[in-house]
Amino acid sequence: MPTEALYADVAVPVHVFQTFSYRIPTSLHDLAQPGARIVVPLGRRQVTGYIVAIQTTSSRDASIDDAAVKEATEILDSIPVLTPELLELTRWVSEYYGAPWGEVIKAALPPGISPSIEQFVTLTEVGRAALQHETDPATAEPLMRLISSGEIHSVEALSKSLGRTQALKAVREFERAGMLKRVFRPSTTYVRAKRQRAVRLVSRGEDAEKSAIVRFTPGQQRILDQLKQSPSLALQALLVAADVGASTVNTLERRGLIEFFEQDLRRDPLGGESLPAAENYQLTTDQTAVLTAIEEPLRKQTYAAFLLHGVTGSGKTEVYIRAMRLALELGRSALMLVPEIAMTPVFSRRLRAHFGDRVAIFHSSLSRGERFDEWTRVRNGEARIVIGTRSAVFAPVENLGLVVVDEEHESSYRQQDSPQYNGRDTAIVRAQKAGAVVVLGSATPSLESFHNARTGKYQYLPLPRRIANRPMATARLIDMREVFDEQKKPQIFANELLRAIEETAAKGEQSIVLLNRRGYSSFVLCRSCGETIQCPNCDVTLTYHRSERVIVCHYCNHREAAPSQCPSCDGKYIYYIGEGTEQIEELLQKRFPALRIARIDRDTVSRRKSFEQTLQEFSEGRIDMLVGTQMLAKGHDYPNVTLVGVVSVDTGLALPDFRAAERTFQLITQVAGRAGRGELAGKVLIQTYHPSHYALRHASAQDYQGFYDEEIRHRQNLGYPPFVSLASLLIRGPELSRVRADALTLRKELDQANTERMSRVLGPAPAPLARLKGEHRYQLLIKSRSRKQLRALADQAIRAAVESGVNARSLNLEIDPVSVM
Ligand code: ADP
Ligand code: ZN
């Protein structure tokens, strides 16, 4: 009886919004499971996709024309890389955010696990016969001669020896003649487990030794002694420990006393670093109350969402750790998301100290190999606690019990490129589907989360006091307008800040100085003609980086040598305006030559080691002051820091974004949390030209509630989240007129689809960054009281616009944008 035909619904990692159906060849039926990777023909290419469902003739969509269905080429996994839970979660992300399912799955897997596909050719029977009948082999096609010399050949290698066009043309011709067959295999260069050669005793070894019939040389004896002490040793390690050459080991192997085997080698992201001791505090009453609330649904294995609102230093992390421990005891796993890589080393070491090898670490600055290994340990169930940045929300943990999202307000949970999902919101949905407990923690909750706690969607858990009742640092606003009046010219630093730095240093304490802008200066301006130097690709000015003597675009990374003359008028008076971190560091160093100052911003962070080293030296007191961007405001805990200065917060407030006030409030509160975490009281000084702005007033008073009450009124009056659902539609392209026309078409379609007037459409208008990476950008905003209606509206309008000729690739729909810039 013929086996029933099987079909796979396949999601491919390209920008299309549908899955494709493929017939599965009988030879692959055993391997066909949802969640496995599959190689399929797509157009002229072979791509790696993901099986999202298996269909039989009776279950599959009857409208699909069977003759048009292509056959799948290869299935790559015998154990699916995606669990059913993750298939379901990625489907949700894809639907909610309007992103292609295949792209979401790709983002959910460690990079490098989706191999690229290589083409190989092999002779068919016909081809072999033809070659045999070739009377004069010298006249045979060079391609055929090459192929006849072996079993299988990569097309890439053939191209190298014959020239690309020639090789491809010949392959096509012989393929058509039935003499060649093309096969596809995953490229051998993708990431895989790293292995090492290891040695162990064959059990006979000991007996043989005892019987004393066999005599050993001293070197052989040392090898056996080493192996008796441990079950196995890496070959390299054994050679060193026993002080022998490889030949001695080989002799023992030949005599059947020891054997070689391949051992998986783990690339440990924390490799060899020393761990802090795992503390075991007596919890405070506040902490106990919070933990008790979290433990209840955790024990019952039911979904519950908590907002843990705890001031910095209130002991939130300790609560997370206790809850994780309980999850483990209950046989479940835990997932913790953190916003930035900058925070991970500190946290992950702390978790390692508590949970040892059961912790896996996921973040983007790990090497591909490290990420693959960590992912594999989770997939195998060896690691049951995962800490990581955004994409760790897709970690393949089974039996999830607890999800923690630390610093839940952070905008870095939002992925900026497609798929544009929000890691925090995805975490909540994952917990919901898994019957797990989710804890959102923050000292400055996002307006939405606090609102959700108000309306009962989340349970509110406060930790209003610092551990040991350590004082909260008070922030003082320095009115730079007064400073200007006194000094009669603009100052970068107020005297008050400089004095505070001096006093702090005199007491042997440390300080942090923050600024929103990296580089040396933000503008390059010509005094003669008033021209600023713009990025050729973007609508922004280039930033001067003095150490490298280049001017750089912070959006597209365009760089050129710093000019000595104005490019537009050849004037000699080039001015650098607006300080960046590099310049602030230099000015402070000049002013305080005895201080040991180091800088932390995206420029220095890209060198990962130097970044961690700097933080380490700072915590050991070998650096007196850190200068940097807001990266410094987060997560670190340095008891000896008693002064934090913010050079200017005004650029952040001025951004044309409905979250500008919220962001500024968060920044200052976080910054204030960095001062005085130990026994010492801290001081925070903030320079501003807008000291009466409500975000600054409430932040300096550490008054979250006051800020929330005022901000939520603005949001309500102006119709912003959480009162409406928001989507932004970006239209971009190289030609301004085309972009504008497409934007207008979309507007028309949106209006047409918006029959019940449930949504409001704004725009099109040039996006705040009207040109980026050489493309013009227009933007439309959609606000709606109903999220469902908003999605339906956007989908319908986009479909209609694409039908009337708008290029789908030039459109980007973003659901719940974190900013509308
Ligand atoms: P948060 O995450 O809220 O900023 P942490 O959990 O890092 O706070 O706690 C702040 C400091 O207090 C840390 O140094 C931590 O080790 C310590 N700590 C936490 N809980 C306790 C406790 N119950 N008793 C004593 N020290 C504690
Ligand atoms: Zn640019």
Side-chain angles (χ1 to χ4, degrees), residues 275-295 306-326 334 336-340 342-355 359 385 387 402-410 439-446 449-450 460-473 510 512 615-616 618-621 630-642 644 666-682 684 702 704:
L275 298 174
E279 321 85 347
N280 245 324
Y281 302 116
Q282 178 79 33
L283 290 189
T284 64
T285 24
D286 285 345
Q287 281 174 319
T288 308
V290 163
L291 189 63
T292 311
I294 295 171
E295 283 181 351
F306 296 97
L307 176 63
L308 177 56
H309 183 186
V311 297
T312 42
S314 60
K316 295 187 290 295
T317 312
E318 195 57 34
V319 171
Y320 304 149
I321 290 173
R322 301 286 171 119
M324 285 178 184
R325 173 156 297 152
L326 178 64
M336 173 160 173
L337 299 187
V338 293
E340 296 244 358
M343 302 180 59
T344 347
V346 186
F347 262 134
S348 35
R349 276 195 211 105
R350 209 162 145 189
L351 284 184
R352 254 309 159 64
H354 277 271
F355 301 112
V359 179
I385 294 188
I387 174 173
L402 175 72
V403 183
V404 173
V405 184
D406 194 33
E407 312 284 353
E408 64 85 24
H409 61 277
E410 280 290 332
V439 181
L440 309 179
S442 176
T444 51
S446 62
S449 293
F450 197 78
Y460 183 70
L461 303 174
L463 282 177
R465 278 172 289 270
R466 282 189 158 180
I467 293 290
N469 275 321
R470 283 173 199 148
M472 293 293 285
Q510 292 168 300
I512 292 178
L615 290 184
Q616 185 66 27
F618 189 59
S619 76
E620 288 166 6
Q630 65 253 50
M631 288 182 85
L632 268 182
K634 290 162 198 156
H636 317 289
D637 191 353
Y638 304 110
N640 199 37
V641 173
T642 55
V644 176
Q666 287 162 350
L667 174 68
I668 293 176
T669 316
Q670 299 280 331
V671 163
R674 300 284 79 94
R677 301 202 83 192
E679 308 299 326
L680 305 163
V684 180
Q702 299 271 2
Y704 181 87

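Whatever order the structure lists them in is the order used to number ligands and atoms, beginning at 1. For the numbers below, each heavy atom of this structure counts, side chains included, while hydrogens, waters and symmetry mates do not. Index from 1, following the sequence.
With sequence neighbours left out, Q510 forms a side-chain contact (heavy atoms from CB on, under 4.5 Å) with F618, N640, V641. Y320 meets the ring-ring contact (aromatic ring centres under 6.0 Å, His included) test with no other residue; sequence neighbours excluded.
Contact annotation: for I467 versus ligand 1, heavy atoms closer than 4.0 Å belong to the side chain alone.
For the atom pair CD1 of I512 and OG1 of T642, the computed distance is 10.0 Å after rounding to the nearest 0.5 Å.
Ionic pairing of R350 and E318 is present here: one or more N-O contacts between side-chain nitrogen and carboxylate oxygen are shorter than 4.0 angstrom.
Contact annotation: S314 has at least one heavy atom less than 4.0 Å from an atom of ligand 1. Heavy-atom distances between V311 and ligand 1 reach below 4.0 Å in at least one pair.
Panel note: side chain Y704, backbone P445; a donor-acceptor pair is recorded below 3.5 Å. Put simply, the side chain of Q287 never gets that close to the backbone of V319: no donor and acceptor are under 3.5 Å apart. Within the 3.5 Å criterion, the main-chain N or O of S446 finds no donor-acceptor partner in the side chain of S449.
For a threshold of 3.5 Å applied to N or O pairs, the pair formed by G313 and ligand 1 contains at least one separation below that value. Backbone and side-chain nitrogen or oxygen atoms of Q287 are examined, and one is located within less than 3.5 angstrom of a nitrogen or oxygen of ligand 1.
For ligand 1, the atoms closer than 4.0 angstrom to any heavy atom of L283 are 23 (N). Ligand-side atoms of ligand 1 in range of Q282: 22 (C), 23 (N), 24 (N), range being under 4.0 angstrom from any heavy atom. Interface atoms of ligand 1 facing R350, defined by a heavy-atom separation under 4.0 Å, are 6 (O), 7 (O), 15 (C), 16 (O). Within ligand 1, counting atoms from 1 as listed, the ones closer than 4.0 Å to a heavy atom of E318 are 6 (O), 19 (C), 20 (N).
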